[in-house]
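Since the structure comes first, as structure tokens, the remarks are kept for the end.
A note on names: the letters A, B, ... follow the listed sequences, proteins ahead of strands, and every chain is numbered from 1. What you see is a predicted model; the values in this text were computed from it and never measured.
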Number of protein chains: 2
Amino acid sequence: MNDDKNTEEKILNAARQVFIEKGFDGTRMQEIADTAGMNKALLHYYFRSKEKLFMKIFEITFKQFVPKMSGIFSSDTSFMDKIQLFISSYIDLLDKNPYIPLFIIRELSRNPNVIKELIFDKFEIIYNAIDLNVKAEIQAGRIRDIDTKHLILNTVSMCIFPFVGKPLLKHLFKTNDDEYRTILIERKNVVFEVIKKWISI
Amino acid sequence: MNDDKNTEEKILNAARQVFIEKGFDGTRMQEIADTAGMNKALLHYYFRSKEKLFMKIFEITFKQFVPKMSGIFSSDTSFMDKIQLFISSYIDLLDKNPYIPLFIIRELSRNPNVIKELIFDKFEIIYNAIDLNVKAEIQAGRIRDIDTKHLILNTVSMCIFPFVGKPLLKHLFKTNDDEYRTILIERKNVVFEVIKKWISI
DNA sequence: GTCTATATAGGGATAGAC
DNA sequence: GTCTATCCCTATATAGAC
């Protein structure tokens, strides 16, 4: 770790690490302090309470997790290319941050209210952008008549779940970490293939 | 609730309810006692510790969650029918127990060791049964040459993730609980359609 | 700003009466 | 078997010295 960062940054990094791995309930302020190489009192000096520190982390992480689809879906490549690009870059993002989806889901289920304080309007923009694309493609006869919601559900399910369910699936497949990761990377092609075959005329 | 159950049963029901909703870290023995309509001391009298009580619940729940695929995949209907039956009955199971997948995943990620003490050999049987089916179908030229692992990943991902990700997806789609549930039920057809188009020659 | 020491509460677990 | 009372440790949060 870089030691020439200011204290606040060090706390945020440590908190992020511990919260994401253990969740709010499983996290001890002491562990964050240890990870950051300081004492508990400093955490409270900078962020007042565990709850407030947590909210900061959740907010940052949430923004990172909700993908920059808007960009992808307003570019001028073909619809199929957009989908392929999304799947590929999303799996790459997950490969680099495998614990984030479970973190988000776990904490949202613990306290569904946190989400209301967040930038939820972005969701509407993202959904509308995708929906517009889908409807245009159907209209033009380039894809079958499918429901945008199910397209999203199918795509993100197949991208995210293998990361979330790893502790279980790893055993079902009798693979070690490296082998399982290889499978995850393969999915960049597989998921696109599945979606493509489904929506093609 | 039925009051003419014995105490142990009452505790297990209450514990199940609270543990599944809040997870091990988020659960208080006091809340289980309140839910069961008794005092904390009794929980310890029957199960000694929170950890031991939790393990009982986890074991029971895990067995319920790991589906009876073995049955389905050793029946003598066609392969496509088996897949359709699996998807349909699995989504029904999830519809009745929507919190279970997150519970399993959350606790496995908290403590990956719990799984080793469990009936893991069953996994091998299940996987082999499916793999045998898939290989036979490919050999016979009835489906394309696909990887069993990805077939499983795609299918369970599309079935389970919409339940796990509900707190987030519900907002993305701007649906209320009833509308979202309708979508989930629709997926019995959608998921099968997607898989079918993918594996068909 | 950063530390040590401590206040205060909460939660798992047990003792002991009935 | 079931209850109340309590032990004891842990965790958040603060006070106060430097």
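OP1 or OP2 of D:dT2 has at least one side-chain nitrogen or oxygen of B:Thr7 nearer than 4.0 Å. Taking 4.0 angstrom as the limit, B:Arg48 places none of its side-chain polar atoms (N or O) nearer than this to OP1 or OP2 of C:dA13.
Around CZ of B:Arg48, the count of heavy atoms belonging to other residues, nucleotides or ligands within 6.0 Å does not exceed 12.
No side-chain donor-acceptor contact under 3.5 Å links B:Arg106 to the backbone of A:Arg106.
The interatomic distance linking B:Ile11 (CD1) with D:dC3 (C1') rounds to 13 Å, in whole Å. One atom, CZ of B:Arg28, and another, C1' of D:dA11, lie 11 Å apart when rounded to the nearest Å. Taking atom NZ of residue A:Lys10 and atom C1' of nucleotide C:dT2, one finds them 11 Å apart after rounding to whole Å. Rounded to a whole Å, the OH atom of A:Tyr46 is 17 Å from the C1' atom of D:dT14. Following rounding to the nearest Å, A:Asp25 (CG) and C:dG11 (P) show an atom-to-atom distance of 11 Å. Spacing between atom NZ of A:Lys50 and atom P of D:dT14 amounts to 15 Å, rounded to whole angstrom units.
In this structure, B:Arg110 satisfies the cation-pi test against B:Phe54, with its NZ or CZ atom closer than 6.0 Å to the six-membered ring centre and inside 45 degrees of the ring normal.
Of the residues in residues 29-45 of chain A, those placing a heavy atom less than 4.0 Å from an atom of DNA chain D are A:Met29, A:Lys40, A:Ala41, A:His44, in numerical order.
Nearest heavy-atom pair, A:Ile91 versus A:Cys159, reported as atom, atom and distance to 0.1 Å: CG1-SG, 4.0 Å.
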Self-check item: Verdict with supporting geometry, B:Tyr90 and B:Phe86, ring-ring contact (aromatic ring centres under 6.0 Å, His included)
Solution: CA-CA 6 Å; B:Tyr90 207 59; B:Phe86 168 76; 5.1 Å; yes
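Considering B:Glu107, B:Glu31, B:Lys50 as possible partners of B:Phe19, the one that fulfils the side chain to side chain contact (heavy atoms under 4.5 Å, CB included) test is B:Lys50.
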